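Read through the structure below, which is laid out as structure tokens, and then see the notes.
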Amino acid sequence: MAIFKKKSNWRVWIAAAAVTAGMASIVYRRLYYRTIPNRILSIVKANFTNRGTIENSWINMQPTERGTGRDRYRVYTGGLTVREGDRLNQFAFAVEPDGTLRQLKQLHEPINASNARQVRRFDRHQR
């Protein structure tokens, strides 16, 4: 009775491991960088819940460079519409990937929520 051993080609195993590791790192990077902006937006929204009801929110999925000279940094920009009573307030923000708020500004004076459609319609005709 002879016992036959199958020769395993080590080159095939190394190539398969390299391809698997490469594909796993590509999938991880794509998923990770897609979730950073969503995490940032949820943090900003959580900080605004005490001001009122959040009607709308958005964030750019790609970071932008800000600053000048040596003080350059990457930020994700976005905006919120918050209903405070019968008024709508719109805010723009810029947040670093680690969650540091770099800029927050109110875009205009609060508008009455009941007149919001009329104001939007008027703005559209002005452009």
Side-chain angles (χ1 to χ4, degrees):
M1 218 179 195
I3 299 176
F4 295 103
K5 289 186 178 180
K6 290 185 178 180
K7 283 188 171 180
S8 63
N9 192 350
W10 59 274
R11 291 182 186 123
V12 172
W13 285 104
I14 290 177
V19 168
T20 303
M23 291 301 292
S25 72
I26 289 171
V27 168
Y28 173 76
R29 286 185 59 119
R30 285 187 179 234
L31 291 177
Y32 179 75
Y33 286 110
R34 211 177 272 163
T35 60
I36 288 175
N38 291 328
R39 285 186 214 157
I40 290 172
L41 184 59
S42 65
I43 290 169
V44 171
K45 285 169 63 174
N47 290 330
F48 270 86
T49 55
N50 60 353
R51 294 191 70 162
T53 306
I54 296 173
E55 294 288 321
N56 195 4
S57 63
W58 63 273
I59 191 164
N60 284 329
M61 297 302 278
Q62 298 295 323
T64 58
E65 292 280 331
R66 293 264 176 104
T68 58
R70 300 180 92 180
D71 188 29
R72 295 194 61 80
Y73 50 90
R74 293 174 47 197
V75 293
Y76 288 93
T77 56
L80 291 169
T81 303
V82 180
R83 180 184 297 270
E84 295 176 316
D86 64 339
R87 300 206 174 263
L88 292 176
N89 293 323
Q90 292 183 335
F91 297 93
F93 61 86
V95 181
E96 289 185 12
D98 65 355
T100 305
L101 183 65
R102 283 295 210 159
Q103 182 182 18
L104 176 67
K105 67 178 182 177
Q106 189 169 354
L107 295 180
H108 55 74
E109 290 297 316
I111 58 175
N112 192 345
S114 61
N115 297 335
R117 266 195 203 136
Q118 295 171 358
V119 170
R120 286 188 194 126
R121 220 178 281 139
F122 179 74
D123 286 344
R124 200 176 307 138
H125 292 296
Q126 291 293 322
R127 291 181 187 172

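Because the structure is a prediction, the values reported are computed rather than measured.
Nearest heavy atom pair, residue Arg74 against residue Pro63, reads NH2-CG, 3.0 Å. The minimum heavy-atom distance between Asn89 and Gln106, with the atom names listed, is OD1-NE2, 3.4 Å. When all heavy atoms are compared, the tightest approach of Asn47 to Asn50 is O-OD1, 3.1 Å. In terms of heavy-atom proximity, Ala92 sits nearest to Leu107 at CB-CD2, 3.7 Å. Listed here is the closest heavy atom pair of Gly85 and Arg83: O-CG, 3.4 Å.
When side chains are defined from C-beta on, Leu41 counts as touching Phe93, because their heavy atoms get closer than 4.5 Å.
Partners of Glu96 by side-chain hydrogen bond (donor to acceptor under 3.5 Å, both in side chains), not counting sequence neighbours, listed by chain and number: Arg102. By the side-chain hydrogen bond (donor to acceptor under 3.5 Å, both in side chains) test, Asp98 pairs with Thr100, sequence neighbours left out. Phe48 pairs by the ring-ring contact (aromatic ring centres under 6.0 Å, His included) definition with Phe91, not counting sequence neighbours. Here Arg51 pairs with Glu84 under the salt bridge (Lys or Arg N to Asp or Glu O under 4.0 Å) rule; sequence neighbours left out.
The distance from the OG1 atom of Thr77 to the CD1 atom of Ile59 is 7.5 Å, given to the nearest 0.5 Å. Taking CG of Leu80 as the start and CG of Leu88 as the end, the distance is 12.5 Å to the nearest 0.5 Å. From Ile40, atom CD1 reaches atom NZ of Lys45 across 14.0 Å, with rounding to the nearest 0.5 Å. For the atom pair Ile14 CD1 and Arg11 CZ, the distance stands at 9.0 Å (nearest 0.5 Å). In this structure, OH in Tyr76 is found 10.0 Å from CG in Asn38, a value given to the nearest 0.5 Å.
Residues Trp58 and Ile36 do not share a hydrophobic cluster, clusters being chains of Ile/Leu/Val/Met/Phe/Trp/Tyr side chains in contact below 4.5 Å. A chain of hydrophobic side-chain contacts below 4.5 Å, direct or via other Ile, Leu, Val, Met, Phe, Trp or Tyr residues, connects Leu101 to Ile54.
Side-chain contacts under 4.5 Å among hydrophobic residues (ILVMFWY), followed directly or transitively, place Val75 together with Tyr73.
Applying the salt bridge (charged side-chain N to carboxylate O under 4.0 Å, His left out) definition to pairs two or more places apart or across chains, those involving residues 60-70 are Glu65-Arg72.
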